[in-house]
Amino acid sequence: MCAIDALGIPPMLEADAVITSSDPVNGEQVTITTRGEAATWEPEDAVVFVGQRPGGGPAATACCDALNFFTSTASASAQTWINDHPGIPGRVVTQAQAEEIAQQTFGPLLAP
């Protein structure tokens, strides 16, 4: 699943979760543990790249490989990925921004 999907499942299900992923550049693990509305990120400076392939289409082909967790912006892995994928526009967002995007996208999906 893409990073935003994974972050959206806990608010959508109103459940705690542990999300694990690997930074696609350096292979290091990123783990997010949610309890209620609070999330703990490891490493503490992990970020998310939010992008979308041009041309639209189903989310699985337009977005999923362009929404990734990275260990940090300081590690340069996010910038390396961006440089290696010049055809995918997007931006690096903070943890809070990624959580907000996920909440807005998935939070209300199962609400009555």
Side-chain angles (χ1 to χ4, degrees):
M1 302 183 100
C2 72
I4 297 299
D5 288 8
L7 290 170
I9 291 189
M12 181 175 66
L13 298 178
E14 297 180 351
D16 296 341
V18 176
I19 300 162
T20 58
S21 184
S22 296
D23 182 312
V25 173
N26 63 28
E28 294 177 21
Q29 186 167 310
V30 177
T31 302
I32 299 92
T33 303
T34 66
R35 295 196 194 295
E37 294 184 17
T40 304
W41 291 61
E42 292 293 329
E44 291 181 4
D45 54 349
V47 294
V48 173
F49 178 80
V50 177
Q52 181 175 345
R53 291 185 179 281
T61 52
C63 299
C64 282
D65 68 339
L67 299 163
N68 296 301
F69 292 107
F70 292 92
T71 52
S72 74
T73 52
S75 72
S77 65
Q79 191 59 51
T80 298
W81 191 91
I82 292 166
N83 293 344
D84 289 347
H85 298 84
I88 301 177
R91 62 189 172 103
V92 174
V93 298
T94 66
Q95 296 168 8
Q97 290 169 320
E99 291 171 23
E100 181 63 25
I101 293 166
Q103 168 62 40
Q104 290 177 353
T105 304
F106 292 96
L109 289 181
L110 297 179

Original post:
Looking only at atom types and distance, does a side-chain atom of Q97 sit under 3.5 Å from a main-chain N or O of V48, one as donor and one as acceptor?
Top reply: no
Original post:
With a 4.5 Å heavy-atom cut-off, do V92 and I82 have their side chains touching?
Top reply: yes
Original post:
For E42, which residues count as a side chain to side chain donor-acceptor pair (under 3.5 Å) partner, sequence neighbours excluded?
Top reply: none
**OP:** Measure the OG1-CD1 distance between T20 and I32 for me, rounded to the nearest 0.5 Å.
**Re:** 8.5 Å
Subject >> Path from L13 to I4 over hydrophobic side-chain contacts below 4.5 Å >> reply: yes
Original post:
Rounded to the nearest 0.5 Å, how far apart are CD of E14 and CG of L110?
Top reply: 9.0 Å
Original post:
So, do N68 and W81 sit near enough that their side-chain heavy atoms are less than 4.5 Å apart?
Top reply: yes
Subject >> Closest non-hydrogen atom pair between A6 and P10, with its separation >> reply: O-CD, 3.2 Å
**OP:** Would you name the heavy atoms of A15 and T34 that are closest together and state the gap between them?
**Re:** O-OG1, 4.0 Å
Subject >> Residue pair P86 / N83: nearest heavy atoms and the distance that separates them >> reply: CD-O, 3.6 Å
Subject >> Student check: side-chain heavy atoms of L7 and F69 closer than 4.5 Å >> reply: yes
Original post:
Of the non-hydrogen atoms in R35 and D16, which two are nearest, and what is the gap between them?
Top reply: CA-OD1, 3.1 Å
Original post:
Is a side-chain donor or acceptor of Q79 paired with a backbone partner of A76 at a separation under 3.5 angstrom?
Top reply: no
Original post:
Shortest non-hydrogen contact from V47 to S72?
Top reply: CG2-C, 4.1 Å
Tabulate below the donor-acceptor pairs under 3.5 Å that side-chain atoms of residues 98-108 make, not counting sequence neighbours, or state none.
from: E99; atom 1: OE2; to: W41; atom 2: NE1; distance (Å): 2.6
from: E100; atom 1: OE2; to: Q104; atom 2: NE2; distance (Å): 2.7
from: T105; atom 1: OG1; to: I101; atom 2: O; distance (Å): 2.7

**OP:** Enter the distance from I9:CD1 to I19:CD1 here, rounded to the nearest 0.5 Å.
**Re:** 8.0 Å
